[in-house]
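Below: one structure, written as structure tokens.
Heavy-atom basis, side chains included; hydrogens, waters and symmetry copies ignored.
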Amino acid sequence: MEYQHKKMQERFQWTIWAIVFLVFFFSELVEYSMYIDGVWYAVIAQNLSVGKGTFWLPQFSETIFQNFHEHPPLVFWLQSHFFKLLGNHWFTERVFCLVQYMVTALLISYLWTKMFKDRPRIQQWWIMPLLLWQVNLASYYFLPANLLENSLVIFDLLSIILLWKVIEHNHVFFHLLGAAFCLILCFLSKGLVGLFPIGFLGLYWLIFRSNSIFRIIFQTSLLIMFSLCILGLLFWWQPLAFESLSNYWDIQVLASLKGERRLYFFRDSRFYILGQLALVLLPMIIMVIINIGMIRFWKKMDLHIGSFFKSKEGKLIQVFFLIGLSASLPLIVSPRQALPYLLPSIPFFSLAFGGFAAHLLDDWWQIFMIKRGRFIPVLNKVLGFLVIGVLVLCLTKLKTPNNRDSDIINDVEKIGSVIGKNQVISSNHYDMYISGYLMRHNNISLDTLNHQHLYFITPKNQPLKLNNYEQIDIKTQIFDLYKKGN
């Protein structure tokens, strides 16, 4: 009977996960639309794949960001290999996102297994952290969006895994060196925001107090020293690295901290990110509340929360919660804040809240299986049909633009059909969307300085007043296209 219950539970989890994956990730991934930052990053990666720009001097277009220093270059380089392997297709960056997604899910599952290695019944609820990682606004909108944070979180998770081995006195110097290398990869992916694993050893000591504080300080100091040495060797081996990262530091980091970059994600209140964090954590809190309700009002038993948080597993949950805070709260420092900036913290919050919720779930699930377990096979069949239905729905969205981007994609296709690919055209208006999609779909660069190219585009509310251009009659929605006459 126990074996049958376990088998039904496993199938139940896989079916639920398939539905969540399809609804919250795959359905967005297969659309022709993509968050505009991700479109730009795909353009830069595709350029690198064909030799336009270099690792330290990546390029967006011939006219805009000929040297792109808004972010460190590692993720563009990684994605460029997908373009080399798969070619310049609309799905290439989506395959890259899918690989990132699967690797992140595996690393979260590894940490979950390690966290509950002495509690196999709770360990069986592997779906819990994955469910909470996926079902929130930030993950739903931005995991399929080809953002830098999706690579960053992989290196952060690897850093934490290696530092956990340091805590266990497992080849300490080797794993400290490995963690330092991962931290440099974090920095080369998104800059300073990815370096929060540096605090893991201290946070672990704060909760467990199992090691000497002097050992923790020494090991953390070694971690920082190894990281600086690796960075120094990089600057010595690649002199352009220092120039590239210095430009990034001046253009992005310092300007953001000073509040000079006010047009993009600038917030009047630096506590904006706390409201976004509350939205992200809301589904996790609801999951915990549901399980508390099942124990108190259905099972009618005491929760024993205090004793659980004194256990090893309870303390690990506290550590992961603090790691999540260390990845999110420092964002208050900058006035530039946005929901996707929380992506690196979400796996750690999902492990924390998921661990607590799974502990509560384990208290009532066995009784539920005994009393109501006969309904699980029927439910599994219903959910199986639901998986098929959701998959069909996803396929109906294949390569279709969403409402946000449908007009701009229509204009890009119409403009591209007239002027062809690999062109430079004039414009009296700079717009991230039109420049991003024109480059991604047709390799068309916008030039806002030279107004003498053969073709010229303007927003529909800004008719072109140059006498030597004539409007081309195509069914665009946002922009008009003009061609220079003889």
Check: For A45 and S80, which heavy atoms make the closest approach, and how far apart are they?
Finding: O-CB, 3.2 Å
Check: How about W14 and W126: are their ring centroids closer than 6.0 Å?
Finding: yes
Notebook entry, point to check: Nearest 0.5 Å, what's the CG-CG distance between L398 and L393?
Noted result: 12.0 Å
Margin query: For a quick test of reading the model, state the closest non-hydrogen atom pair linking E10 to Q124 and the distance between them.
Written below: OE1-O, 4.5 Å
Check: How long is the gap from CG on L464 to OG1 on T458, to the nearest 0.5 Å?
Finding: 6.0 Å
Next item on the list: Determine the minimum heavy-atom distance between K460 and T476, stating which atoms define it.
Entry: CE-O, 3.0 Å
Notebook entry, point to check: About how many Å separate CZ of F12 and CG of L383, when rounded to the nearest 0.5 Å?
Noted result: 6.5 Å
Which donor-acceptor pairs under 3.5 Å do side chains of residues 223-232 form with protein atoms, sequence neighbours excluded?
{"unit_1": "S227", "atom_1": "OG", "unit_2": "L223", "atom_2": "O", "d": "2.8"}

Check: Quick one: are K52 and N443 in side-chain contact, heavy atoms under 4.5 Å?
Finding: yes
Next item on the list: Let me see the working for Q79 and N146 under side chain to side chain contact (heavy atoms under 4.5 Å, CB included), right down to the final yes or no.
Entry: CA-CA 10 Å; Q79 189 173 172; N146 195 34; 3.2 Å; yes
Check: Can you tell which of W56, F65, Y41 makes a ring-ring contact (aromatic ring centres under 6.0 Å, His included) with F76?
Finding: Y41
Note to self: With a 6.0 Å cut-off on the ring centroids, do F349 and F321 count as close?
What the structure shows: yes
Notebook entry, point to check: Which word best sums up how the rings of F21 and W17 line up, parallel for under 30°, tilted for 30 to 60°, or perpendicular for over 60°?
Noted result: tilted
Check: Would a distance-only check, ignoring hydrogens and angles, find a side-chain to backbone donor-acceptor pair under 3.5 Å from S33 to N402?
Finding: yes
Notebook entry, point to check: Under 6.0 Å between ring centres, would you say that holds for H441 and Y32?
Noted result: yes
Item checked: Criterion side chain to side chain contact (heavy atoms under 4.5 Å, CB included) on R440 and E93, from CA distance to verdict -> CA-CA 11 Å; R440 181 66 190 94; E93 60 264 46; 2.8 Å; yes
Checklist line | Sub-4.5 Å side-chain heavy-atom contact between M287 and M128 | finding: yes
Check: Using 30° and 60° as the class limits, which term best fits the ring planes of F68 and W40: parallel, tilted or perpendicular?
Finding: tilted
Margin query: Do V424 and N450 make a side-chain contact, defined as non-hydrogen atoms from C-beta onward lying under 4.5 Å apart?
Written below: no
Note to self: Which label fits F91 and H89: parallel for a plane angle under 30°, tilted from 30 to 60°, or perpendicular past 60°?
What the structure shows: parallel
Notebook entry, point to check: Can you tell if the side chain of C97 reaches within under 4.5 Å of the side chain of Q100, non-hydrogen atoms only?
Noted result: yes
Notebook entry, point to check: Would you say N410's side chain and S406's backbone share a donor-acceptor pair under 3.5 angstrom?
Noted result: no
Margin query: Going by ring-ring contact (aromatic ring centres under 6.0 Å, His included), Y469 matches just one of F456, Y455, Y482. Which one?
Written below: F456
Item checked: Exam field: side chain S345 to backbone L342, donor-acceptor pair closer than 3.5 Å -> yes
Checklist line | Atom pair CG (L98) and CG (N150), whose distance is rounded to the nearest 0.5 Å | finding: 11.5 Å
Check: Would you find more than 12 non-hydrogen atoms of other residues, nucleotides or ligands less than 6.0 Å from D473 atom CG?
Finding: no
Check: Would you find more than 12 non-hydrogen atoms of other residues, nucleotides or ligands less than 6.0 Å from F55 atom CZ?
Finding: yes
Check: Rounded to the nearest 0.5 Å, how far apart are CG of N47 and CD of Q66?
Finding: 11.5 Å
Notebook entry, point to check: Sub-3.5 Å donor-acceptor pair from the side chain of K484 to the main-chain atoms of Q452, do we have one?
Noted result: yes
Note to self: Check this for me: F385, atom CZ, are more than 12 non-hydrogen atoms of other residues, nucleotides or ligands nearer than 6.0 Å?
What the structure shows: no
Check: If you measure from the Lys or Arg side-chain nitrogens to the Asp or Glu carboxylate oxygens, is any gap between E28 and K397 under 4.0 Å?
Finding: yes
Notebook entry, point to check: Taking only residues at least two apart or on different chains, which pairs with a member in residues 132-154 satisfy ring pair (Phe, Tyr, Trp, His ring centres under 6.0 Å)?
Noted result: F24-Y140, Y35-F142, Y101-W133
Check: Should we count CD of E470 as having more than 12 external heavy atoms under 6.0 Å?
Finding: no
Next item on the list: Answer yes or no: is there a donor N or O on one side and an acceptor on the other, between the side chain of S151 and the main chain of L148, under 3.5 Å?
Entry: no
Check: So do the side chains of V153 and P347 get within less than 4.5 Å of each other, counting heavy atoms only?
Finding: yes
Note to self: For F479, is there any backbone N or O sitting under 3.5 Å from a side-chain donor or acceptor partner on D411?
What the structure shows: yes
Scan the side chains in residues 182-190 for donor-acceptor partners under 3.5 Å anywhere in the protein, sequence neighbours excluded, and list what turns up.
{"unit_1": "S189", "atom_1": "OG", "unit_2": "L185", "atom_2": "O", "d": "2.7"}
{"unit_1": "K190", "atom_1": "NZ", "unit_2": "E149", "atom_2": "OE2", "d": "3.2"}

Notebook entry, point to check: Once you round to the nearest 0.5 Å, how far does CD1 of I425 lie from CD1 of I434?
Noted result: 7.5 Å
Margin query: Does atom CG (N461) have a neighbourhood of more than 12 heavy atoms from anything else shown, all under 6.0 Å?
Written below: yes
Margin query: Using modelled atom types and a 3.5 Å cut-off, is there a donor and acceptor pairing between side-chain atoms of Q13 and backbone atoms of R11?
Written below: no
Next item on the list: Check for a donor-acceptor pair, side chain of Q423 on one end and backbone N or O of I444 on the other, with a separation under 3.5 Å.
Entry: no
Checklist line | Side-chain (S139) to main-chain (V135) donor-acceptor, under 3.5 angstrom | finding: no
Next item on the list: Go through the steps to decide whether V103 and V99 satisfy the test side chain to side chain contact (heavy atoms under 4.5 Å, CB included), and finish with yes or no.
Entry: CA-CA 6 Å; V103 171; V99 171; 4.3 Å; yes
Margin query: With heavy-atom distances below 4.5 Å as the criterion, would you say the side chains of N428 and P459 are in contact?
Written below: yes
Next item on the list: Might you point out which heavy atoms bring P197 and I160 nearest each other, and give the distance in Å?
Entry: CB-CD1, 3.8 Å
Checklist line | Exceeds 12 heavy-atom contacts within 6.0 angstrom, atom CD of E31 | finding: yes
Margin query: Does any part of the side chain of I409, heavy atoms only, come nearer than 4.5 Å to the side chain of V412, both counted from C-beta?
Written below: no
Item checked: Exercise: identify the closest heavy-atom pair between G191 and L195 -> O-CG, 4.2 Å
Note to self: Heavy-atom count check: over 12 atoms from other residues, nucleotides or ligands less than 6.0 Å from K381 NZ?
What the structure shows: no
Next item on the list: Over all heavy atoms of both residues, which pair between L234 and A241 is shortest? Give the atoms and the distance, please.
Entry: CG-CB, 4.2 Å
Next item on the list: Applying side chain to side chain contact (heavy atoms under 4.5 Å, CB included), run through L132 and I346 and close with a yes or a no.
Entry: CA-CA 8 Å; L132 299 182; I346 294 174; over 6 Å; no
Check: Do Q252 and H69 come within less than 4.5 Å of each other through their side chains, counting heavy atoms only?
Finding: no
Item checked: Centroid-centroid under 6.0 Å between F235 and F242 rings -> yes
Notebook entry, point to check: Quick check: does any side chain N or O of T92 sit under 3.5 Å from a backbone N or O of G87, one acting as donor and the other as acceptor?
Noted result: yes
